[in-house]
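I have placed the structure first, in the form of structure tokens, so that the comments after it can refer back to it.
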Amino acid sequence: MPRFAANLTLLFTELPFLERYAAAAEAGFKGVECLFPYEWAPTVLAECLREHDLRQVLFNLPAGDWGAGDRGLAALPDREAEFRDGVARALAYTEALDCPRVNCLAGIPAAGADPEHCFETLVHNLRYAADRLVEQGREVTVEPINTRVDIPGFFLATSDQALAAITAADRPNLRLQYDLYHAWVMGEAVAASLSRLRPHIGHVQFADAPGRHQPGSGEMPLAELFARLDQIGYQGWVSAEYRPLGHTRDSLGWLPV
Ligand SMILES: O=C(O)C(=O)[C@@H](O)CO
Ligand SMILES: [Mg+2]
């Protein structure tokens with residue numbers, strides 16, 4: 001069985017954020033992730049991890065003004081200085097939380113932006129982030145996100161687009177973040193893709209589709225996909241990144257005890 005982690009931004013939202021660590025540990029998780037840790041001091045989060053014997057496995061680089069519609073900065077030509085500031089900010093958290101990787105969101109380019117220029121900007125920014133993070137021995141992941149339901153206009157909609165950026169940036173600590181849900185929504189043959197992309201995958205996330213809820217709520221063969229991860233020898237973290245239907249604790253039937 002894979003090593004499962006809980007995404008504390010989406011799971012246990014019945015509780016204030018800092019109380020979700022205890023709930024995750026009590027449910028049996030050993031690892032946690034969140035979208036953005038930045039509104040809490042690194043020392044506060046480190047103490048939550050220590051107190052509940054949890055590992056922080058991932059968080060995102062700062063992604064711009066989320067409320068204003070930003071969904072990442074890495075492919076946005078006019079925002080490189082902001083991207084670099086974000087990397088510096090993230091480094092304080094990777095160090096304090098001993099977090100092995102950060103996820104880099106490409107963002108939604110402005111209407112009419114030149115895709116080639118966006119791609120070059122993305123490659124440049126990925127190299128910058130990878131080179132800063134490697135100094136601490138960390139990885140940077142790149143996540144394709146479906147443009148059909150969740151983030152229309154997102155620059156990297158498919159695994160192959162993300163892989164092209166990773167290949168062009170050419171850094172050993174750059175990996176693919178494979179979110180089974182987004183790949184499924186984009187119509188990818190997920191089981192086959194897992195085998196093909198295995199050498200590039202640094203982190204996995206899941207939710208059922210449609211709806212982005214817990215396993216069993218939709219049509220995805222998630223138990224088979226978890227077994228496939230074992231078969232291909234994937235030993236990294238697999239994070240539950242879904243919006244529970246009902247109370248989180250009642251959504252965890254899939255989690256081995
Ligand atoms: O939406 C997802 O999927 C994520 O993994 C987030 O980190 C990006 O918003
Ligand atoms: Mg994801």
Side-chain angles (χ1 to χ4, degrees), residues 2 4-11 13 17 20 31-39 56-76 83 86-87 89-90 93-94 97 99-109 122 125-126 129 139-159 161-163 165-166 175-186 188 190 193-194 197 200-215 218 220 222 225-226 229 234 236-244:
F4 290 110
N7 184 304
L8 296 185
T9 306
L10 274 74
L11 266 56
T13 55
F17 185 76
R20 297 177 198 171
V32 293
E33 63 175 36
C34 62
L35 262 59
F36 305 106
Y38 308 107
E39 62 185 273
Q56 181 84 29
V57 303
L58 178 96
F59 59 85
N60 288 334
L61 288 175
D65 185 345
W66 200 265
D70 286 336
R71 293 293 181 269
L73 298 171
L76 309 189
F83 180 83
V87 171
R89 201 164 172 212
Y93 284 82
T94 47
L97 308 182
C99 180
R101 66 190 61 75
V102 293
N103 182 38
C104 178
L105 293 170
I108 306 172
L122 175 62
N125 279 330
L126 287 177
E139 293 179 345
V140 177
T141 58
V142 181
E143 182 181 27
I145 294 197
N146 84 76
T147 50
R148 293 185 173 164
V149 177
D150 289 78
I151 311 190
F154 193 76
F155 189 63
L156 298 175
T158 67
S159 304
Q161 288 172 344
L163 197 54
I166 290 169
R175 313 297 299 280
L176 179 69
Q177 180 159 313
Y178 196 83
D179 189 320
L180 305 176
Y181 163 79
H182 290 306
W184 182 275
V185 172
M186 288 306 291
E188 219 163 278
V190 176
S193 287
L194 282 175
L197 297 168
H200 306 283
I201 297 176
H203 189 64
V204 173
Q205 297 171 320
F206 69 91
D208 210 339
R212 206 174 194 183
H213 302 302
Q214 60 262 39
M220 290 178 64
L222 283 165
L225 294 173
F226 297 155
L229 285 166
Y234 174 76
W237 290 95
V238 177
S239 285
E241 192 187 34
Y242 63 79
R243 290 186 297 268

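In this text the structure is predicted, and so the values were computed from the model without any measurement. Order of appearance sets the numbers: ligands from 1, and atoms from 1 within every ligand.
Using a 4.0 Å cut-off between heavy atoms, Asp150 makes no contact with ligand 1 at all. Contact annotation: for Ile151 versus ligand 1, there are no heavy atoms closer than 4.0 Å. Heavy atoms of Trp66 found under 4.0 angstrom from ligand 1 belong exclusively to the side chain. Contacts between Glu33 and ligand 1, counted as non-hydrogen atom pairs separated by less than 4.0 Å, are absent for every part of the residue.
Short contacts between ligand 1 and Asn60, defined as distances under 4.0 Å to a heavy atom of the residue, involve ligand atoms 6 (C), 7 (O), 8 (C). Under a 4.0 Å criterion applied to the non-hydrogen atoms of Gln177, ligand 1 contributes the atoms 5 (O). Close approach of ligand 1 to His182 is summarised as follows: ligand atoms under 4.0 Å from at least one heavy atom of the residue are 1 (O), 2 (C), 3 (O).
Take the N/O/S atoms of Asp179: the one nearest the Mg ion (ligand 2) is OD2. Looking at Glu241, its N, O or S atom nearest to the Mg ion (ligand 2) turns out to be OE1. Considering just the N/O/S atoms of Glu143, the one nearest the Mg ion (ligand 2) carries the name OE2.
Looking at atom 6 (C) of ligand 1, its nearest protein heavy atom turns out to be Glu241 OE2, 3.4 Å. At the top of the distance list for atom 1 (O) of ligand 1, counting protein heavy atoms only, stands Arg212 NH2, 3.3 Å.
Between Glu33 and the choices His203, Arg101, Gln56, the side chain to side chain donor-acceptor pair (under 3.5 Å) rule is met once, by His203.
A tilted orientation is assigned to the rings of Phe206 and Tyr242, their planes being inclined by 30° to 60°.
Counting heavy atoms from C-beta outward, Ile145 and Leu105 have side chains that approach closer than 4.5 Å.
In this structure, Arg71 does not pair ionically with Asp150, as no charged nitrogen and carboxylate oxygen lie closer than 4.0 Å.
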